[in-house]
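So you know, we letter chains A, B, ... as the sequences are listed, proteins then strands, and number each from 1.
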Protein chains: 2
Amino acid sequence: MSAEERRESVIRAAMIEFARGGYKGTSTEAIAKRVGVSQPYLFRLFPGKQAIFLEASRRCCERTTEVFRKASEGLQGEEVLHAMGAAYQSLIADDPDVLLMQMQMYVAVASAEAAGDREFGETLRAGWMEMYDAVLLALGEGETTQFLAFGMLVNVLVSMGFRPDHRVWTGFYESVQPK
Amino acid sequence: MSAEERRESVIRAAMIEFARGGYKGTSTEAIAKRVGVSQPYLFRLFPGKQAIFLEASRRCCERTTEVFRKASEGLQGEEVLHAMGAAYQSLIADDPDVLLMQMQMYVAVASAEAAGDREFGETLRAGWMEMYDAVLLALGEGETTQFLAFGMLVNVLVSMGFRPDHRVWTGFYESVQPK
DNA sequence: GTAGATAGTGATTGGCCACTAACTTTGTCG
DNA sequence: CGACAAAGTTAGTGGCCAATCACTATCTAC
């Protein structure tokens with residue numbers, strides 16, 4: 001397998017492992033195992049652990065961005081908001097790790113920033129802004145913030161492990177689709 | 001100093017350290033240093049690292065809950081929403097670690113859950129629900145979800161290190177206070 | 001003053017983990 | 001064939017870290 005293909009599979013494996021264990025809580029060994037490759041070989045493909053995390057985070061943002069772009073394609077008005085909500089819902093239904101990876105990215109940036117590393121966050125803010133702008137383009141100034149806010153609440157509720165039948169979810173659905 | 005007082009100061013120190021470093025990224029040594037006590041002594045006061053994190057998380061929820069209760073006291077209608085928004089804003093202005101600790105709690109629960117530990121999350125969901133119910137009592141069914149959603153977006157934007165003059169914030173303020 | 005409890009420390013250990021260095025295997029082309 | 005490169009491995013290292021054990025100091029009450 002070519003180095004480029006390997007890098008790709010490492011990033012995919014890293015997304016899963018980092019999503020579940022966090023930056024510090026995931027060993028490069030765990031990623032290597034999932035890829036099916038020896039642990040030291042990761043350091044031939046990437047300069048270090050942080051670089052792998054960074055790529056996985058970027059990929060996570062890109063994937064979400066793409067989902068929003070696709071969902072809003074060719075739609076207008078009320079329909080767009082509904083389609084994008086549904087698209088996000090089905091994204092996290094079929095791959096919950098992208099949601100968790102998002103959360104891990106947020107706290108990783110916060111920790112890096114607290115430790116004095118500005119650069120790490122800079123890259124990820126850029127990735128996040130692409131997603132932001134995709135939503136902005138689809139929904140316009142008025143509804144973008146609100147859409148993202150509800151999205152972030154979803155992230156938190158899922159991360160916290162509230163089951164679908166918990167009252168926080170029934171409250172949530174009544175709020176996004178008032179009768 | 002009595003053991004109870006020490007436990008209290010450990011929890012306060014832990015909130016700061018865990019907020020910035022996360023669960024895995026914070027050493028018990030760092031907490032002990034901040035308290036001004038030897039590292040092994042922490043294990044006299046708490047059964048283990050996880051127990052310290054759990055207490056710090058609970059404290060973080062309680063503190064937020066209290067802020068919301070106080071802010072809504074004696075107010076009605078439109079005023080309550082505004083007061084609670086302002087209260088949260090001033091909470092995180094004078095102690096940003098509360099916000100970061102929240103985020104660390106979310107991902108820590110997610111990681112524990114992914115590793116098969118249901119119990120850890122159970123306790124923290126209970127703490128979170130107290131905060132939820134404080135908001136529910138103050139704002140009612142209609143606005144609770146929305147208020148929390150915007151709060152979670154604030155958490156994310158702060159964690160990601162977006163500076164106050166960044167356009168995501170101007171977009172945010174326009175959305176919560178439309179002209 | 002001494003017995004017991006309470007608060008606290010120093011030294012250590014076993015395990016994990018990111019990363020390095022040196023070596024091997026597998027095409028591939030002249 | 002033989003040489004070169006690209007893909008990949010085994011073995012090892014230095015550092016950190018949660019948790020334990022055995023010990024010390026201080027106070028209080030009889």
d([atom1], [X]; [atom2], [N]) in whole Å:
X       : N      : atom1 : atom2 : result
A:Met1  : D:dA5  : CE    : C1'   : 19 Å
A:Ile31 : C:dC19 : CD1   : C1'   : 14 Å
B:Phe43 : C:dT13 : CZ    : P     : 18 Å
A:Phe46 : C:dT20 : CZ    : C1'   : 18 Å
A:Lys33 : C:dC16 : NZ    : P     : 11 Å
B:Tyr41 : D:dT20 : OH    : P     : 16 Å
B:Tyr23 : D:dC17 : OH    : P     : 13 Å
B:Glu29 : C:dG10 : CD    : C1'   : 12 Å

* Pick base, sugar-phosphate or nothing for A:Ser27, based on heavy-atom distances below 4.0 Å to the nucleic acid. => sugar-phosphate

* To do: Check every strand shown and say whether A:Arg44 touches a base, only sugar-phosphate, or nothing at a heavy-atom separation below 4.0 Å.
  => base

* Asked: Is any side-chain N or O of B:Thr28 closer than 4.0 Å to OP1 or OP2 of D:dA18?
  -> yes

* Is there a side-chain polar atom (N or O) of A:Arg6 under 4.0 Å from OP1 or OP2 of D:dG8? -> yes

Donor-acceptor contacts under 3.5 Å from residues 14-25 of chain B side chains, at least two apart:
| from | atom 1 | to | atom 2 | distance (Å) |
| --- | --- | --- | --- | --- |
| B:Glu17 | OE2 | B:Arg34 | NE | 2.7 |
| B:Glu17 | OE2 | B:Arg34 | NH2 | 3.1 |
| B:Arg20 | NE | B:Asp97 | OD1 | 3.2 |
| B:Arg20 | NH2 | B:Asp97 | OD2 | 3.1 |
| B:Tyr23 | OH | B:Gln50 | N | 3.4 |

* Between B:Arg69 and B:Glu62, is there a salt bridge with N-O shorter than 4.0 Å? -> no

* To do: Determine whether the side chains of B:Gln39 and B:Thr28 contain a donor N or O and an acceptor N or O closer than 3.5 Å.
  => yes

Do any side-chain atoms of residues 146-161 of chain A form donor-acceptor pairs under 3.5 angstrom with protein atoms, and if so which ones, sequence neighbours left out?
| from | atom 1 | to | atom 2 | distance (Å) |
| --- | --- | --- | --- | --- |
| A:Asn155 | OD1 | A:Tyr88 | OH | 2.6 |
| A:Asn155 | ND2 | A:Gln102 | OE1 | 3.0 |
| A:Ser159 | OG | A:Asn155 | O | 2.9 |

* Parallel, tilted or perpendicular, as decided by the 30° and 60° cut-offs, for the rings of A:Tyr106 and A:Trp128 -> perpendicular

* Of A:Pro47 and B:Glu4, whose closest DNA chain C nucleotide lies nearer the 5' terminus? -> B:Glu4

* First encountered from the 5' end of DNA chain D, between A:Leu45 and A:Pro40 -> A:Leu45

